[in-house]
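All ligand and atom numbering here is 1-based and tracks the order in the structure.
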Amino acid sequence: MPLEKTLIIIKPDAVARGLTGKIVSRFEEKGLAVVAMRKTMVPRRTAEEHYAEHRDKPFYSSLVDFITSAPVVLIALEGRDAVAVVRKMIGKTLGRAAEPGTIRGDYGMSQNFNLVHASDSLLSAARETALFFNDDDYVPSNLRDASNWTYDLSSGSPN
Ligand code: CMP
């Protein structure tokens, strides 16, 4: 089954507002697998590279300032059509225009403080995941069925 990986950044506003858990839960409940995750400050150079396609836009430097201003949570999600599925789940850039039921529609009002970044194409996803994660940061997504995690069946008597 072909699986895609996509990059999510839970941005400084969402982390500071204590929304990390809620946002991660939405992706998990949807059925996407968290295959890498790290809370970090983004170095300025990395942010500039990440947002390189916006270099000529008037909001570029404030965008880089914002994403480097406080901790973020970087996540690689894996699933079928993960790039498109996640884009749908986050909603429109402007929070107050985003549909209810989307992450931005439910938690945000702003354009700049828009809670999450998600890769917008397979090409961006490949570039962005490689910018923030190394091959050895990834864990396998489906080692065991969830029902087998209630007790440790490998021990003599299930514990
Ligand atoms: P993000 O998905 O991280 O990718 C580009 C970001 O640019 C976007 O979220 C917004 O936070 C930011 N941005 C700021 N101003 C604008 C604008 N006028 N149009 C689109 N994006 C903008």
Side-chain angles (χ1 to χ4, degrees), residues 1-139 141:
M1 182 173 68
L3 295 174
E4 294 177 7
K5 276 192 184 64
T6 189
L7 181 83
I8 304 297
I9 305 176
I10 303 185
K11 296 188 181 185
D13 55 326
V15 173
R17 288 174 56 195
L19 294 172
T20 301
K22 278 191 171 131
I23 292 171
V24 173
S25 281
R26 286 188 176 227
F27 295 129
E28 288 185 319
E29 288 171 1
K30 176 70 176 166
L32 291 150
V34 173
V35 290
M37 179 155 69
R38 182 169 84 250
K39 187 173 190 177
T40 186
M41 294 290 290
V42 178
R44 192 162 187 93
R45 278 206 168 179
T46 310
E48 287 170 350
E49 202 176 331
H50 172 70
Y51 281 128
E53 68 183 284
H54 298 299
R55 195 166 276 152
D56 299 326
K57 308 254 175 71
F59 54 83
Y60 175 70
S61 61
S62 58
L63 188 57
V64 171
D65 287 347
F66 169 54
I67 207 76
T68 57
S69 65
V72 302
V73 176
L74 305 166
I75 304 171
L77 291 175
E78 191 175 81
R80 277 183 104 156
D81 300 323
V83 173
V85 167
V86 167
R87 290 291 291 187
K88 258 193 193 166
M89 289 179 73
I90 71 171
K92 289 183 182 155
T93 305
L94 174 64
R96 54 192 183 276
E99 290 290 317
T102 64
I103 291 169
R104 288 166 174 164
D106 287 350
Y107 300 126
M109 290 291 282
S110 172
Q111 172 170 262
N112 297 346
F113 294 174
N114 63 6
L115 306 159
V116 274
H117 166 85
S119 309
D120 65 2
S121 66
L122 257 184
L123 207 63
S124 308
R127 186 179 75 80
E128 293 173 2
T129 50
L131 186 59
F132 290 102
F133 292 114
N134 299 314
D135 284 348
D136 58 8
D137 291 326
Y138 293 108
V139 298
S141 57

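Classification of D106 and R26 as a salt-bridged pair holds, one side-chain N sitting under 4.0 Å from a carboxylate O.
Atom NZ of K30 is separated from atom OG of S25 by 15.0 Å, given to the nearest 0.5 angstrom. Rounded to the nearest 0.5 Å, atoms CD1 (I10) and CD1 (I23) are 5.0 Å apart. Within the model, atoms CE of M37 and CG of L74 stand 10.5 Å from one another, a figure rounded to the nearest 0.5 Å.
Applying the 6.0 Å contact sphere to NZ of K88 captures no more than 12 heavy atoms from other residues, nucleotides or ligands.
Annotation: ligand 1 has protein neighbours K11, Y51, H54, F59, L63, T93, R104, Q111, N112, N114, H117, each with a heavy atom less than 4.0 angstrom from the ligand.
Below 30°, between 30° and 60°, or above 60°: for F133 and Y138 the angle between ring planes is between 30° and 60°, a tilted geometry.
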